[in-house]
Protein chains: 2
Amino acid sequence: MTELSVGVRRPARADARRNFDALIAAARVAFAENGADASLEDIARRAGVGIGTLYRNFPTRQDLFEAVYVSEINELAAVASSVAELPPWEALSAWLSRFVSYAVTKRAIIDALNRESEMFAACRKAMYAAGTPLFERGQAAGVVRSDVSFDDVLRMVSGLTSAAFVDDAQRERVLALALDGLRVS
Amino acid sequence: MTELSVGVRRPARADARRNFDALIAAARVAFAENGADASLEDIARRAGVGIGTLYRNFPTRQDLFEAVYVSEINELAAVASSVAELPPWEALSAWLSRFVSYAVTKRAIIDALNRESEMFAACRKAMYAAGTPLFERGQAAGVVRSDVSFDDVLRMVSGLTSAAFVDDAQRERVLALALDGLRVS
DNA sequence: TGCCAACCGGAGGCACCCCTCCGCTAATAT
DNA sequence: ATATTAGCGGAGGGGTGCCTCCGGTTGGCA
């Protein structure tokens, strides 16, 4: 699997690389916690790094978004292969369930991302490359409706991501309910 | 239909009442545009009113949230009666569609609302009072699954609210897809 | 080991927001 | 018409975040 690359470059020197990674990790947490307008100074603090270092690595907030987003997408794509040998319907719905839990944290980022960017297009492509085979396998096997697109499904599921549920059980139940509309049988 | 009341009181004097209403209208727009942490000074500016006036009417940001939220809920409840004479399934799905478009604007507010507040409970109740009859009529007529709750459905639909769709047509399509899981046909 | 370029971090200037306080204005009652 | 008083609005102090700039530090190579 080819890793997606980003506009910003991972530095060459060892200490710089440590800081770079720490910043992305801190940003992931901060964005999930406080939304897309989390304080950059706070992120630098969490990473144990000066604010100057943050700006050197990520000149704009967008750059940070993209770096975090890309790392999440890469992780998600990996899941797709791990469900590949399940039966068609199970594989698809397992991946979508996983998608939900991952998507929860990156919601704020997606909202804020510049959706026109080249990098966003690449991520989209990578994600579709991961999920589409599962989807089409389901359609070929006749267990998935043929009159909807994978895009429709992803957007539906990612919507459920941000709904407020009483507990995880309810989220599962609702996801199942929504997927029942997708299933043939 | 009894209108819900709020913690804050609508003033008695005519000019004060004008300002009060202008503030709620401005806040509705600002929150929808900039999210729950829109600038209060900006809201006052939009309403053509001093910042002091805003604070006099709504001592806390929460108070503003609640006032806006209540006004939206009241509007939504009104829709429920206007679809009452449609056939069961059509009535329910029409209301839910409306729910989506209304909910789009108030999403940020709901996130930020103190969900423990008495006022929130009252709104919830009002909303359920509006929608539950439509739902139960559908179940009684055998066109709605009986193994899910109205709560499940509302949360599902409100999730779709915040998904990013290419256009309204896709939103409609996805909503229909999700509702197909709900329908007994 | 020693050098030097790459890298660090935070002080500081600017902008914006929050919220309070109080002298002024004008709506309403008589 | 006048008095009363609810209501107005914005100045201002405190706080926080953004981003730049530059003197000091240190990793990596010879």
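All chains are named by letter (A, B, ...) in the order of the sequence lines, taking the proteins before the strands, and each is independently numbered beginning at 1.
- At whole-Å resolution of the value, CZ in B:Arg56 and P in C:dT20 are 12 Å apart.
- Taking atom CD on B:Glu41 and atom C1' on D:dT16, their separation rounds to 14 Å, with Å as the unit.
- With sequence neighbours excluded, the residues satisfying side chain to side chain contact (heavy atoms under 4.5 Å, CB included) with B:Asp147 are B:Arg145.
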Which pairs would a plain distance check flag for residues 15-26 of chain B, meaning a side-chain donor or acceptor within less than 3.5 Å of a matching protein atom at least two apart in sequence or in another chain?
from    : atom 1 : to      : atom 2 : distance (Å)
B:Asp15 : OD1    : B:Arg13 : NE     : 3.2
B:Asp15 : OD2    : B:Arg13 : NH2    : 3.0
B:Arg17 : NH1    : B:Ala12 : O      : 2.7
B:Asp21 : OD1    : B:Arg10 : NE     : 3.0
B:Asp21 : OD2    : B:Arg10 : NH2    : 2.9

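- Looking at residues 33-40 of chain B, you'll see B:Ala38, B:Ser39, B:Leu40 sit with a heavy atom under 4.0 Å from some atom of DNA chain C.
- What separates CD1 of B:Ile43 from P of C:dC19 is a distance of 12 Å, to the nearest Å.
- Residues passing the side chain to side chain contact (heavy atoms under 4.5 Å, CB included) test with B:Ala30 are B:Ala38, B:Ile43, B:Arg46, sequence neighbours excluded.
- Legend: residues meeting salt bridge (Lys or Arg N to Asp or Glu O under 4.0 Å) with A:Arg45, ordered by chain and number and at least two apart, are A:Asp42.
- Distances from the side chain of A:Ile51 to the nucleotides D:dC19, D:dG12, D:dG7 place D:dC19 closest.
- Spacing between atom CZ of A:Arg45 and atom C1' of C:dA11 amounts to 14 Å, rounded to whole angstrom units.
- Applying the side-chain hydrogen bond (donor to acceptor under 3.5 Å, both in side chains) criterion to A:Arg173, with sequence neighbours excluded, gives B:Asp152.
- Within the structure, ring-ring contact (aromatic ring centres under 6.0 Å, His included) pairs that include any residue of residues 121-148 of chain A comprise A:Tyr128-A:Phe150, A:Phe135-A:Phe150 (at least two apart or interchain).
- In this structure, A:Phe20 places its CZ atom 11 Å from P of C:dC8, rounding to the nearest Å.
- Comparing B:Tyr55 and A:Val49 by the nucleotide of DNA chain C whose heavy atom lies nearest to each, the residue mapping closer to the 5' end is A:Val49.
- Here the nucleotide nearest the side chain of A:Ala16, chosen from C:dC19, C:dC7, D:dG17, is C:dC7.
- An OP1 or OP2 oxygen of C:dC7 is reached within less than 4.0 angstrom by no side-chain nitrogen or oxygen of A:Asn19.
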Do any N or O atoms of the protein come closer than 3.5 Å to N or O atoms of nucleotides 27-30 of chain C, and which pairs are they?
from   : atom 1 : to      : atom 2 : distance (Å)
C:dT28 : OP1    : B:Ala14 : N      : 3.1

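- If you take CZ of B:Arg10 and P of D:dG7, they are 13 Å apart, rounded to a whole angstrom.
- At a cut-off of 3.5 Å, with distance as the only test, no side-chain donor of B:Ser71 or B:Asn74 sits close to an acceptor on the other residue.
- In this structure, A:Asn57 atom CG and C:dC7 atom C1' are separated by 10 Å, rounded to whole Å.
- Put simply, CG on B:Leu23 is 12 Å from C1' on D:dC8, counting in whole angstrom units.
- With sequence neighbours left out, the salt bridge (Lys or Arg N to Asp or Glu O under 4.0 Å) criterion links B:Asp168 to B:Arg171.
- Contact annotation: B:Arg61 does not reach the phosphate of C:dC19 (side-chain N/O to OP1 or OP2, under 4.0 Å).
- Counting only distance, with no hydrogens or angles, the side chain of A:Thr132 and the backbone of A:Ala129 share no donor-acceptor pair below 3.5 Å.
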